[in-house]
Protein chains: 4
Amino acid sequence: MIDERRPDRRGALVAAAYARIATAGFEGLRTRDVAADVGVNIATLHYYFPSKEALIRAVIGYAVGRFQATMPGAGSAVDQLRAHLRAIAELLRADPRLWAVMSELVLRAPRDTSLADIFRQTDGYWHRTLAELIQRCIDAGAVAPDLDASGTARLLIVAIKGMSLPALAGDPSDIADQVFTQFERLLGLDELH
Amino acid sequence: MIDERRPDRRGALVAAAYARIATAGFEGLRTRDVAADVGVNIATLHYYFPSKEALIRAVIGYAVGRFQATMPGAGSAVDQLRAHLRAIAELLRADPRLWAVMSELVLRAPRDTSLADIFRQTDGYWHRTLAELIQRCIDAGAVAPDLDASGTARLLIVAIKGMSLPALAGDPSDIADQVFTQFERLLGLDELH
Amino acid sequence: MIDERRPDRRGALVAAAYARIATAGFEGLRTRDVAADVGVNIATLHYYFPSKEALIRAVIGYAVGRFQATMPGAGSAVDQLRAHLRAIAELLRADPRLWAVMSELVLRAPRDTSLADIFRQTDGYWHRTLAELIQRCIDAGAVAPDLDASGTARLLIVAIKGMSLPALAGDPSDIADQVFTQFERLLGLDELH
Amino acid sequence: MIDERRPDRRGALVAAAYARIATAGFEGLRTRDVAADVGVNIATLHYYFPSKEALIRAVIGYAVGRFQATMPGAGSAVDQLRAHLRAIAELLRADPRLWAVMSELVLRAPRDTSLADIFRQTDGYWHRTLAELIQRCIDAGAVAPDLDASGTARLLIVAIKGMSLPALAGDPSDIADQVFTQFERLLGLDELH
DNA sequence: AATGAATGAGAGTTCATTCAT
DNA sequence: AATGAATGAACTCTCATTCAT
C-alpha cells in the first residue's frame with residue numbers, strides 16, 4: 001500500500017528525466033539537473049537508480065508504455081483503424097514531449113541493443129497490426145480494394161514517425177491535420193478525426 | 001587554389017566529425033576522437049576550428065549542402081518530380097550516414113537557433129517547391145486531379161523524414177521500396193524509380 | 001545476561017567486519033557490506049556502532065584479544081616457551097584470517113594513535129615475556145648458554161610477524177614448518193611441535 | 001633526449017604517490033592529493049596515467065625495482081651473502097618509506113593478481129638465491145655445516161619481512177641491530193655489518 | 001530494536017580548450 | 001602549420017552518516 005502523503009520519488013525522477021530528455025536530448029541529460037528538478041540530492045537519485053543508465057531504462061519503459069497504449073484495441077476493423085489513428089493524432093497534440101523523447105530513443109537505438117530490441121518488436125507489431133487491420137477493411141469493402149495493405153501500413157508508419165520529428169517550418173498541428181487528411185483520402189475513409 | 005600535395009586537414013576533420021556523428025550521434029561526438037581519426041593532434045583541430053561548435057557548424061553546412069543537391073532542377077514538372085524522388089531514393093540507398101546525420105540535426109534544431117533557421121528555410125523551400133511541382137503536374141494532367149498539392153507535399157516530406165530514421169524492424173531498402181511504390185500510387189505516376 | 005534466543009547483533013557485526021578486513025583489507029571495508037553480511041540494515045549497524053571507527057575499534061579489541069590468548073601461562077619456563085610457540089603455530093594454521101587482520105592493523109598503527117598504543121604495549125610485553133622466558137631456559141640449562149635472550153626474542157618476534165604476512169611463494173604451512181624447525185635448532189630445544 | 005629545464009612530471013607524480021602510500025597507505029591514497037603534492041591539476045595526473053590503477057602500477061614498479069637492486073651480485077658466496085644482508089640493513093636505515101610501501105604492497109597482493117605474480121616471482125627468486133648462497137657458504141666451510149640452507153633462508157626472509165613492518169615498541173634501528181646480530185650468530189659469520 | 005529514505009562531502013574520471021614551443 | 005603538456009569545470013558515482021518512523 002502506498003502512503004499518499006509520501007512523494008513518489010521514483011516516479012518523480014523518471015518524470016523529470018523524461019522532461020529533460022524531451023527538452024535537452026540525451027546529449028543534455030545530466031543527473032544533477034534531474035535530481036535538482038525533483039528537489040533531491042544527487043545521491044538520492046542513485047538511491048533509486050543505481051546508475052544513469054538505469055534511470056534511462058526507466059524513462060524508456062515509461063515512454064514506450066505510453067506509446068503502446070495507442071495500439072488498436074477491440075471493435076470492427078474500421079473502428080479500430082479509426083481509433084488508432086485518432087489516438088495517435090490526439091497523443092501528438094496532447095503530449096509533444098512524448099514524440100521528442102521517442103525520436104531521441106529511435107536515434108539512440110542503433111547504439112543500444114536492448115533499445116533496438118524494443119523498437120524491433122514494437123515496430124514489427126505495429127506494422128503487422130496495421131497491415132492486418134487495413135486488409136480487413138479492404139475485405140469489408142470499407143477502403144479502396146486496390147490498396148496494398150502492407151505498403152500502406154508502411155507509409156502510415158513512416159509518415160507518423162516523420163511527423164513526430166520536431167517540425168520547424170509551419171505549425172505542427174496544421175501539418176498533422178494535413179497529413180491525417182491525406183491518410184483519409186488514401187484509405188478512402190471519411191471522418192478520421 | 002588548393003595545393004593538392006598538402007592534405008586538406010579542414011575537410012578531413014569535417015568528414016571525420018560527420019562520420020562520428022553518423023555512428024555515435026551528437027551524444028557521442030568527441031573532438032579527440034575526430035582528431036585521432038584524422039591522425040592529428042587535438043590542438044590541430046582547434047587550429048582549424050576555434051571550438052567544437054564551429055566544427056559542428058561545418059558539418060551542418062556539409063550535410064545540408066549534400067541534401068540540398070537533391071532539390072529539383074530543370075525540366076518539365078513531371079520530370080522534375082520524378083527526378084527529385086529518384087534522387088532522394090538514390091541518396092537514401094547510397095549514403096545512409098547522411099540520413100543519420102540529418103536526423104541528429106533535426107533533433108538538435110529545437111535547441112540550436114541557427115540550425116532551426118536552416119531547417120525552417122530548407123523545409124519551407126522544400127514544401128513550397130514540392131507543392132508547386134505537384135500542382136503543375138495536376139495542371140498538366142499527369143497526376144490525379146482531385147489531389148491536394150500542399151497536403152500531398154506534406155505527406156511526402158514527413159514520410160521521407162520518417163524513412164530517414166534508423167529502421168529497426170525490416171530491411172531499410174525494402175521499406176523504402178514499399179514507400180516509394182505508395183508514392184507512385186498516390187500520385188498516379190508510373191515508373192518512379 | 002544474554003538472551004540466547006535473540007541474535008547477538010553486535011558480535012555478528014564485529015565478526016562480519018573482521019572477515020571483511022581479512023579478505024578485503026581496510027581499503028576495502030564498507031559498512032554497507034558488513035551490514036549486508038549480517039542481514040541487517042545499514043542504519044542498524046549505526047545503532048550498535050556510532051561510527052565506522054567505533055566498529056573498527058571493536059574489531060581491534062576482538063583480534064588483539066585472540067592474539068593475547070597465546071601469551072604464555074603457567075608451568076616451567078621450558079614448558080611455557082614450548083606452549084607459546086606451539087600456540088602461535090596452531091593459531092597460524094587454524095585461523096589465517098587473524099594474521100591477515102593483525103597485519104592490516106600493524107600497517108594502520110602508524111596513523112592511528114590508539115592502535116599504536118595497543119601495539120606498543122602488546123609488543124613490549126611480548127618481547128619482555130619472551131626474553132625473560134628464554135633467559136630462564138638458559139638459566140635452567142635447557143637452551144644454549146651463549147644465547148642472547150633479548151636478541152633471540154626479537155628474532156622470534158619479527159620472524160613470526162614476517163610469517164603472518166601473506167605468503168605468495170610456496171605453501172604457507174611448509175614455510176611455517178621450516179621456520180619453526182629453525183626456532184628449535186636456534187634454541188636447542190627438541191620437539192617444539 | 002630529456003630537456004632538463006622541463007620538470008619530470010611523470011616521475012614526480014610517481015614519487016608523490018609513493019610518499020603518500022608510505023604515510024597514508026593505499027587506504028588513504030587520493031589522486032587529488034598526489035596532484036596537489038606535485039603542484040599540478042588533477043587532470044594533468046590523468047594525462048600521464050589513464051587511471052589511479054595505472055599510477056599505482058608505476059609506484060609498484062618503482063618500489064619493486066629499488067628492492068630488487070639489493071639482490072646479490074658478484075663475488076664469493078660469503079661476500080655476496082654479507083653484501084646482501086648489509087644492503088638490506090642499509091636500505092632499512094636509509095629509506096624506511098620503501099618498507100612501508102613494500103608492506104602495503106604485500107598486504108594488497110592477495111587481492112591483486114598482477115601484484116601477487118610479482119611477489120611470487122621475487123620471493124621465489126629471493127629464497128632460491130639465498131638458499132644457494134648459504135649452501136655454498138657451508139660447502140666453503142664458512143658457516144656451520146649442520147645448517148639447513150633452505151630453512152635458514154626462509155628464516156632470514158620472514159625475519160626481514162617482519163622487520164619491515166612498522167615497529168612500534170622500541171627503536172627500529174635497535175631492533176634491526178639485534179636481529180642482524182642474531183643472523184651473524186645463526187650463520188656463524190662475523191662482521192656482518 | 002530496527003529500518004527506508006535521504007544526504008553532504010568527496011571520490012575518480014572526462015573533455016573542450018589553451019598555450020608555449 | 002602543428003604539437004605535447006596542462007588545465008578548469010563538470011561529470012557520474014560512492015559512502016558514512018542521519019533521521020523520522
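Just so we're on the same page: letters track the sequence lines, and every chain starts at 1. Just so we're clear, the structure is a prediction, and the values are computed from it rather than from any experiment.
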Q: Choose from E:dT3, E:dT7, F:dA6 the nucleotide whose nearest atom is closest to any side-chain atom of A:A43.
A: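 The closest nucleotide is E:dT7.
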**Q.** B:Y48 side chain, from C-beta outward: closest of E:dA5, F:dT17, F:dA2
**A.**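 Minimum distance to the B:Y48 side chain belongs to F:dA2.
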Rounded to whole angstrom units, what separation is found between the [atom1] atom of [X] and the [atom2] atom of [N]?
X: D:L13; N: F:dT7; atom1: CG; atom2: P; result: 10 Å
X: B:H46; N: E:dA16; atom1: NE2; atom2: C1'; result: 5 Å
X: B:N41; N: E:dT17; atom1: CG; atom2: P; result: 15 Å
X: D:E27; N: F:dC15; atom1: CD; atom2: P; result: 13 Å
X: B:D8; N: F:dA2; atom1: CG; atom2: P; result: 11 Å
X: D:R30; N: E:dA9; atom1: CZ; atom2: C1'; result: 12 Å
X: B:K52; N: E:dT14; atom1: NZ; atom2: P; result: 15 Å
X: D:I56; N: E:dA11; atom1: CD1; atom2: P; result: 14 Å

Q) With nearest nucleotides of DNA chain E determined for C:L45 and A:I42 from heavy-atom distances, which residue corresponds to the more 5′ nucleotide? A)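 That would be C:L45.
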If you look at every strand shown and take non-hydrogen atoms under 4.0 Å, does [X] touch a base, only sugar-phosphate, or nothing?
X: D:F49; value: nothing
X: C:R32; value: base
X: C:T44; value: base
X: B:L55; value: nothing

Q | Ion pair D:R30/D:D37, N-O distance below 4.0 Å | A |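 Judged by the 4.0 Å cut-off on N to carboxylate O distance, D:R30 and D:D37 do not form a salt bridge.
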Q) Is a salt bridge present between C:E104 and D:R111, judged by a nitrogen-to-oxygen distance below 4.0 Å? A)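 Salt bridge between C:E104 and D:R111, a charged N being under 4.0 Å from a carboxylate O: yes.
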**Q.** Side-chain heavy-atom pair C:L107, D:E27 within 4.5 angstrom cut-off
**A.**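 No - every pair of side-chain heavy atoms lies 4.5 Å or more apart.
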(Q) If you define the side chain from C-beta out and look only at heavy atoms, does anything of A:E53 sit under 4.5 Å from A:D112? (A)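 A:E53 vs A:D112: side chains touch.
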Q. Is the phosphate of E:dA6, meaning OP1 or OP2, less than 4.0 Å from a side-chain N or O of A:Y47?
A.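 It does not, given that no N or O in the side chain of A:Y47 lies less than 4.0 Å from OP1 or OP2 of E:dA6.
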Q) Applying a 3.5 Å limit to both distances, which nucleotide forms a Watson-Crick or G-U wobble pair with E:dA11? A)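 Across any shown strand, E:dA11 pairs with F:dT12.
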Q. Given that both distances must come in under 3.5 Å, which nucleotide forms a Watson-Crick or G-U wobble pair with F:dA20?
A.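 Answer to the pairing question: E:dT3, which forms a Watson-Crick or G-U pair with F:dA20.
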Q. If you round to the nearest 0.5 Å, how far is NZ of C:K52 from CG of C:L29?
A.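 It comes to 4.5 Å.
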